[in-house]
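These notes concern the structure reproduced below.
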Amino acid sequence: MVRRIETGLKTEIIGKKIVHHNEAKSSQEIAKGLARGGAEEGTIVIVETQTGGKGRRDRRWFSPKGGLYISIIFRPEESPSRSSIFSFLGGVGVAESIQELYGIEAELKWPNDIQIGSKKVGGVLIENLTEKDRLKWMIMGIGLNVNIDISSLPEEFGYTATSLKRETGDRVSKLKLTRKLVEKLDQLYFILKGEGVDEILSKWRQMTNTIGSQVQIKNGDVIEGRALDVDKDGSLLVELGNGELRRINAGDVSLRKIS
Ligand code: BTN
């Protein structure tokens, strides 16, 4: 499997080292262990099925066989407050890969969801370690429902989830998709390092379905308003009904589009 991904892979950083497991608790945990042990930037961990897949906000990420579960180690120069940009970078990488391989328009829902027709097909989880106000390492975890029967997901997820198999009407090559995604992420990381955050944000803005929508946000309180934009730290700027502007940090919030 590793050799099949590596063969002819056109990347500078990402995927120079690939670790593969048929089953593990979570690719994220393996990648963190490797990062702590000094693994080089660009190391990726791919797991075929996870028994303890992690989603955002301490949720479980159901990880049956047929999905893509990948974690990538970054050692960026960015300040820790910029780590959300990696969530956008991951989302753009997935959406562009889906568009180029299957001609399907995937949309990005703030902060980290990848959707097709308002149903979630994947998500990005960013975890990092900071030391003396610098990022020591960051792990980008991506979970994608590839060749999954949605009926195999628990009911509450099934209603709001989709898979590439369902959207394309057939099984797709996970190998091709993995290679495309790794190459995309590599290119986008170069764009981030060269042209900076604005270029990634502008790509994200073109693919998001959040900006311009009426949204409800829960993080203890519940607020409603119109999503106006995101800033360089990945926060969402929301205009409340009374005209007040609120900056919402991606941290621990859930967002629902109302219209
Ligand atoms: C989300 O909540 O939407 C983010 C889901 C991220 C899941 C991926 S699968 C690969 C990596 N390993 C994990 O345990 N989680 C991430």
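First listed ligand is number 1; within each ligand, the first listed atom is number 1.
Distances from atom 16 (C) of ligand 1 to the heavy atoms of Glu127, Lys54, Arg56, Met140 put Lys54 nearest.
With hydrogens and angles ignored, the 3.5 Å screen pairs no side-chain donor or acceptor of Ser71 with any backbone N or O of Ala31.
Atom numbering of ligand 1 starts at 1 in the shown order; those under 4.0 Å from a heavy atom of Gly53 are 14 (O). Counting atoms of ligand 1 from 1 in the listed order, those under 4.0 Å from a heavy atom of Ile70 are 10 (C). Heavy-atom contacts of Gly143 reach the following atoms of ligand 1: 7 (C), 8 (C), 9 (S) (cutoff under 4.0 Å). For ligand 1 and Ser26, the ligand atoms under 4.0 Å from any heavy atom of the residue are 12 (N), 13 (C), 14 (O). For ligand 1, the atoms sitting less than 4.0 Å from at least one non-hydrogen atom of Gly55 are 2 (O), 5 (C), numbered in the order shown with element in parentheses.
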ask   = Can you check salt bridge (charged side-chain N to carboxylate O under 4.0 Å, His left out) on Glu131 and Arg134, steps first, answer last?
value = CA-CA 5 Å; Glu131 231 177 51; Arg134 278 184 62 102; over 6 Å; no
task = Given side-chain hydrogen bond (donor to acceptor under 3.5 Å, both in side chains), test Thr49 with Glu23 step by step and report yes or no.
result = CA-CA 5 Å; Thr49 174; Glu23 184 179 307; 5.6 Å; no
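For the pair Arg59 and ligand 1, no heavy-atom separation below 4.0 Å is found. Using a 4.0 Å cutoff on heavy atoms, Lys120 counts as a contact of ligand 1.
Between Glu100 and Lys184 there is a salt bridge, since at least one side-chain N of the basic residue sits less than 4.0 Å from a carboxylate O of the acidic one. Salt bridge annotation for Arg256-Glu224: absent, with no cationic side-chain nitrogen under 4.0 angstrom from a carboxylate oxygen.
Atom 1 (C) of ligand 1 has its closest protein heavy atom at Asn112 ND2, 3.4 Å.
When heavy-atom distances to ligand 1 are checked against a 4.0 Å cut-off, Glu29 has no atom that comes that close, whether in backbone or side chain.
Checked by distance only, ligand 1 and Trp61 stay at 3.5 Å or farther apart across all their nitrogen or oxygen atoms.
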